[in-house]
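What follows is a short report on a single structure.
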Protein chains: 2
Amino acid sequence: MHSSDAPEGASPPDKLWSLVTWLVGHVYVDSRRLVTDAFGNSTSRTDLAVLAGLAEYGPVSQAVLGRRLGMNLGDMVAVLKRLEAQAWVTRREDPQDRRRHTIAITDDGAAALDRLEERALAAQAELLEPLSPPQREQLVTLLQTIVGHHRDYRRPEGGASGTPA
Amino acid sequence: MHSSDAPEGASPPDKLWSLVTWLVGHVYVDSRRLVTDAFGNSTSRTDLAVLAGLAEYGPVSQAVLGRRLGMNLGDMVAVLKRLEAQAWVTRREDPQDRRRHTIAITDDGAAALDRLEERALAAQAELLEPLSPPQREQLVTLLQTIVGHHRDYRRPEGGASGTPA
DNA sequence: CCTGAACGTTTGTTCGTCAAACGGTCCAGG
DNA sequence: CCTGGACCGTTTGACGAACAAACGTTCAGG
């Protein structure tokens, strides 16, 4: 027939090509690769998220920070350990509640955040290269809508639940 | 107050909220969770991709199949082993080239594919719930553009490339 | 015949997500 | 007072998926 004239590896199956869950998986892999390459071996993607959170919220406890970022609290420990080792954040006991550790970003951390953000934006630009500026805005809006919607599900606390009305 | 009436965990940092690479990560996690739940423990997402590829391309070698799907050839081995154990695919030596194994989907595999596709579409519908039909089309188009663009990078072989003109 | 390339396979590493448990701490109710 | 339950940070382990490197076998071309 004709189908074999394409060198090969040209087009994925139609069924997958229109399946958002499959497309998202591929975009994610590309995105991950670009950002990871841009950051190097010493810094992970979660590090940027944590630094950005601290920069915006000011000093907070790990639990609050983790919930806002949608992160597992257990995984936060390792991230903060790494960030503190680089003197990008400080952690001190909250005198009013000795269960809590108040995390704050340092000047070095803020500088690192700027660098990382810049690289992340460069990686993003590479990812979105085939899209026009208005298309990029569209994409951001659509993704925000999805994330905003599903984040309410995922809250294990607030037990209320069931049918909310 | 306006901003603090939300209990907490309401809004992520602005810098992340407009960062596509971060948004994609979250959408991917949600997507993965939905599809995984829909498929159950016995079937992975890659299984669907392989079955869909076989159904569309007809019998092919593992290498060709893997490249078209953008999959690692090593990982394909485990997937095919699992699929063959369920009698969803058959593998036979190619008499003309004994290096190759020709993979074909069985009737059971085609039936399984139908079931899986149905569940995947249901998961997709849940993922895209907050989007209107035209928005969903927009999203598909944008994601296709991105994936289509970056798939050309990732080809280690066929070196030609550079600027495709 | 020999060399290089392609195929399928095995093995191992890395990263991020997730679940479960644990001791320490706070707070409210008995 | 003190006791129980909830929260905090932490550790440990499982899991899935992507990725890289090496290997023997087989083919094709010089």
Side-chain angles (χ1 to χ4, degrees), chain A residues 8 21-22 24-37 39-50 60-67 69-82 84 91-103 154 156-159, chain B residues 8 21-22 24-37 39-50 60-67 69-82 84 91-103 154 156-159:
Chain A
E8 161 186 315
T21 56
W22 187 82
V24 165
H26 270 260
V27 172
Y28 168 73
V29 170
D30 292 336
S31 168
R32 176 152 67 98
R33 179 174 48 85
L34 288 168
V35 177
T36 299
D37 288 355
F39 279 9
N41 295 333
S42 58
T43 309
S44 78
R45 273 160 289 129
T46 55
D47 295 1
L48 168 62
V50 169
V60 282
S61 72
Q62 301 182 205
V64 171
L65 182 59
R67 278 193 291 267
L69 297 174
M71 271 187 70
N72 184 303
L73 300 184
D75 298 329
M76 178 84 65
V77 177
V79 174
L80 290 177
K81 196 177 294 181
R82 187 169 48 224
E84 190 187 20
R91 40 183 6 179
R92 55 177 184 78
E93 259 192 6
D94 184 334
Q96 265 126 31
D97 185 341
R98 299 204 338 269
R99 291 172 301 179
R100 303 187 176 182
H101 292 178
T102 300
I103 314 295
R154 230 186 308 166
E157 55 170 327
Chain B
E8 162 188 313
T21 57
W22 187 82
V24 165
H26 271 261
V27 172
Y28 167 73
V29 171
D30 292 336
S31 169
R32 175 152 68 97
R33 181 174 47 85
L34 289 168
V35 177
T36 299
D37 288 354
F39 279 9
N41 295 333
S42 58
T43 310
S44 79
R45 273 161 291 127
T46 55
D47 295 2
L48 168 63
V50 169
V60 282
S61 72
Q62 301 181 206
V64 171
L65 182 58
R67 277 193 291 267
L69 296 174
M71 271 188 70
N72 184 304
L73 300 185
D75 298 330
M76 177 83 67
V77 177
V79 174
L80 290 178
K81 195 177 295 181
R82 188 169 46 225
E84 191 188 20
R91 40 184 4 182
R92 56 178 184 77
E93 260 192 6
D94 183 335
Q96 265 125 32
D97 185 341
R98 298 206 336 270
R99 291 174 300 180
R100 301 189 177 180
H101 292 178
T102 300
I103 315 294
R154 230 186 308 166
E157 56 170 325

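Every chain is numbered from 1, with letters handed out A, B, ... down the list of sequences. Bear in mind the structure is a predicted one, so any value in this text is a computation, not a measurement.
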Below 4.0 Å: OP1/OP2 of C:dG16 and any side-chain N or O of A:Arg45
yes
Testing D:dA17, C:dC7, D:dG9 for proximity to the side chain of B:Tyr28, the answer is D:dA17
side-chain hydrogen bond (donor to acceptor under 3.5 Å, both in side chains) partners of A:Arg99, counting only residues at least two apart:
A:Asp97
Roughly how many Å is it from CZ in A:Arg32 to P in C:dC15, rounded to a whole number?
10 Å
Among C:dT9, C:dC18, D:dA17, the nucleotide that comes nearest once only the side chain of B:Val29 is considered:
C:dC18
Checking all strands, does A:Thr36 fall into the base, sugar-phosphate, or nothing category for heavy-atom contacts under 4.0 angstrom?
nothing
Nearest-Å distance for atom pair CZ/C1', residues A:Arg91 and D:dT10:
10 Å
C:dT9 OP1/OP2 closer than 4.0 Å to side-chain N/O of B:Gln62:
yes
Please name all residues satisfying salt bridge (charged side-chain N to carboxylate O under 4.0 Å, His left out) with A:Arg92, sequence neighbours left out, ordered by chain then number.
none
By salt bridge (charged side-chain N to carboxylate O under 4.0 Å, His left out) - contacts of A:Arg98 (at least two apart)
none
Tell me: CG of A:Leu73 to C1' of C:dC22, nearest whole Å?
15 Å
Do the side chains of B:Met71 and B:Val50 get nearer than 4.5 Å, heavy atoms only?
yes
Sequence neighbours left out, what passes side chain to side chain contact (heavy atoms under 4.5 Å, CB included) with A:Thr43? Give chain and number order.
A:Phe39, A:Asp47, A:Trp88, A:Leu116
Contact pattern, 5' to 3', of nucleotides 20-30 of chain D - B, S or - by protein heavy atom under 4.0 Å:
B-----BS---
For A:Glu93, salt bridge (charged side-chain N to carboxylate O under 4.0 Å, His left out) partners two or more places apart:
none
Please report the end-to-end axis angle for the helix from C:dC1-D:dG30 to C:dG30-D:dC1, five pairs per end, rounded to 10 degrees.
0°
Atom-pair distance (CZ on A:Arg33; C1' on D:dA17), nearest Å:
16 Å
Side chain to side chain contact (heavy atoms under 4.5 Å, CB included) with B:Ser61: which residues, sequence neighbours excluded?
B:Ala63, B:Val64, B:Arg100
